[in-house]
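I have placed the structure first, in the form of structure tokens, so that the comments after it can refer back to it.
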Number of protein chains: 2
Amino acid sequence: MSVTSTRSSVALPGRQPLYIQVRDRIVLAIAQGEWDSGEALPSEFELADRFGVSQGTVRKGLDHLAAEGVLVRRQGMGTFIAEVADDWGCAEVSGLARPLETSLELLVCARSNAGEEAATALGLRRGAVLMAVKRLVRVAGEPFALIENFVAAERFEGLDARRIKQANCNLRTVWWREFGLRVVSAPPQFRAGIAGREEARLLGVEADSPLLEVARTAGGLDGEPVEWSVLRCRTDRYVYRV
Amino acid sequence: MSVTSTRSSVALPGRQPLYIQVRDRIVLAIAQGEWDSGEALPSEFELADRFGVSQGTVRKGLDHLAAEGVLVRRQGMGTFIAEVADDWGCAEVSGLARPLETSLELLVCARSNAGEEAATALGLRRGAVLMAVKRLVRVAGEPFALIENFVAAERFEGLDARRIKQANCNLRTVWWREFGLRVVSAPPQFRAGIAGREEARLLGVEADSPLLEVARTAGGLDGEPVEWSVLRCRTDRYVYRV
DNA sequence: TAGTGGTCTAGACCACTTG
DNA sequence: AAGTGGTCTAGACCACTAC
């Protein structure tokens with residue numbers, strides 16, 4: 001395309017910039033399963049050909065998705081679909097900065113009804129049918145946190161404990177492999193709470209111990225809210241870092 | 001500069017990209033007080049002339065600083081030095097999303113000695129002389145949080161309550177106006193704690209209520225740590241959001 | 001109307017990785 | 001040596017703001 005005959009459509013009001021359109025078309029392709037997790041995308045020039053834009057424009061779109069954590073770019077190698085991760089921040093031993101081994105255990109996977117917070121976060125009416133998944137996080141073998149995730153039962157028909165365990169209790173993997181959905185987390189909200197009897201037992205702390213609560217919604221790449229979740233963790237031995 | 005005679009220095013090993021150099025030179029100019037808070041920078045083309053690079057390269061450098069929150073870009077108007085803000089996240093009424101009026105009250109401004117956490121965060125030895133500033137945050141008139149800030153006394157010679165009050169208790173303004181220092185916060189660490197007697201009294205909650213603790217370091221634009229701070233807030237009525 | 005930031009292009013060269 | 005992402009340029013046009 002010559003510079004002097006730039007397409008007039010470039011200037012239409014209300015139109016998204018080309019690099020955003022490129023981003024969205026790549027998102028669409030990802031959602032349609034064109035590339036698997038960890039797989040390489042075509043090169044910038046190939047994508048530029050495919051979308052009919054210049055390499056620099058493709059680049060800007062890819063950079064956006066890399067900043068969102070959806071893609072990983074490696075110089076000399078290519079652009080890859082990022083491996084899905086549960087993405088629950090990381091626990092650190094106070095002071096120390098070395099990563100600790102964490103494990104996930106599935107406690108509950110059952111239907112439930114949306115409370116006020118969950119309904120608001122997911123844009124559903126109160127009482128809507130949800131799937132509730134409850135997991136226990138261990139750090140270096142010791143109980144550290146409880147995570148509850150809520151998704152609309154309708155969208156996740158067929159979700160059960162078996163599928164979750166198959167994915168090593170990584171829900172993001174389940175959303176991706178079983179339901180073709182890639183999600184990105186919104187900024188979390190923080191609260192301080194108190195451990196109830198059941199929570200204290202599961203986390204191995206005394207009842208009425210303070211717990212850190214982290215709540216957040218996650219949405220599809222199109223921005224629609226899909227998942228609401230709450231993490232409750234002890235912070236006597238570890239620190240929570242976003 | 002013609003394309004074919006590209007400067008060979010562009011490829012020297014260990015050399016920073018030009019747009020990073022541009023960023024750093026702008027940071028330097030800001031640190032030297034070349035522009036005041038809220039003031040407009042020269043246009044992209046003027047800066048390009050000044051630094052001897054193309055407009056696109058200047059643009060990339062400016063975009064970086066805008067992403068860091070140091071600059072604000074407004075189409076059709078120009079690029080401005082961002083107003084300094086205390087930047088302590090925002091409290092929100094659970095559910096509601098409208099902004100609430102907040103106020104700051106200075107409680108203490110005194111010398112103290114670095115504890116372990118502060119010393120580690122600031123890269124000082126334990127027991128180093130610090131200035132400790134303690135403030136009370138009110139949201140809609142009600143006590144919400146206590147903030148303690150720690151900085152090296154040596155670097156902030158002459159810091160006192162008067163200077164802080166003159167700046168409406170906004171410490172970032174003091175750092176900027178009185179000490180020519182612009183800081184950017186690192187990601188915070190979160191903990192759940194319990195209100196002591198004094199804290200409970202100041203925050204208007206019962207003793208032993210759970211409190212959310214948010215700790216973080218802030219560094220100069222060159223990345224050196226300058227300030228360590230801890231916020232303790234009640235989350236019974238409000239939610240903390242990063 | 002002039003000046004600003006925002007988008008887009010085409011083409012060059014560099015650094016890095018793999019064969 | 002070939003292919004990839006990363007940087008940089010020069011120049012065009014657009015959208016927004018102010019005068």
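Every chain is numbered from 1, with letters handed out A, B, ... down the list of sequences.
Rounded to an integer number of Å, the gap from A/Arg59 CZ to D/dT7 C1' is 8 Å. One interatomic measurement links the two molecules: CZ of B/Phe45 to P of C/dG5, which rounds to 9 Å at whole-angstrom precision. The CG atom of B/Leu18 sits 12 Å away from the C1' atom of C/dC14 (whole-angstrom rounding). If you take CD of B/Gln21 and P of D/dT7, they are 12 Å apart, rounded to a whole angstrom. For B/Gln16 and D/dG6, the CD to P distance is 16 Å, given to the nearest whole Å. As rounded to whole Å, 7 Å separates atom P of C/dT17 from atom CD of A/Gln75. Distance OH (B/Tyr19) to P (D/dG6): 9 Å, rounded to an integer number of Å. The interatomic distance linking B/Lys60 (NZ) with D/dA10 (P) rounds to 16 Å, in whole Å.
Using a distance-only test at 3.5 Å, with no hydrogens or angles considered, no donor-acceptor pair links the side chain of A/Arg135 to the main chain of A/Asn149.
Residues B/Gln21 and B/Val53 fail the side-chain proximity criterion, which asks for heavy atoms closer than 4.5 Å. A heavy-atom distance below 4.5 Å is found between the side chains of A/Phe156 and A/Val226.
Nearest-nucleotide positions on DNA chain D place A/Met77 closer to the 5' end than the other of A/Gln55 and A/Met77. Taking the nucleotide of DNA chain C with the nearest heavy atom to each of A/Gly56 and B/Leu62, the more 5' of the two is matched to B/Leu62.
Comment: A/Glu227 does not engage A/Arg155 in a salt bridge, judged by the lack of any side-chain N to carboxylate O separation of less than 4.0 angstrom.
Counting only heavy atoms from C-beta on, B/Glu46 has its side chain closest to C/dT4 among C/dT9, D/dC8, C/dT4. Comparing atom distances between the B/Val53 side chain and each of D/dT9, C/dG5, D/dG6 picks out D/dT9 as nearest. When the nucleotides C/dC8, D/dG6, D/dT9 are ranked by their closest atom to the side chain of A/Arg73, D/dG6 comes out on top. Candidate nucleotides C/dT9, D/dC8, C/dG6 were compared by shortest atom distance to the side chain of A/Thr57, and C/dT9 ranks first.
Distances shorter than 4.0 Å separate none of the side-chain N or O atoms of B/Ser54 from OP1 or OP2 on D/dA10.
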Task: Criterion side-chain hydrogen bond (donor to acceptor under 3.5 Å, both in side chains) on B/Arg172 and B/Ser185, from CA distance to verdict - done: CA-CA 11 Å; B/Arg172 299 287 169 97; B/Ser185 294; 2.8 Å; yes
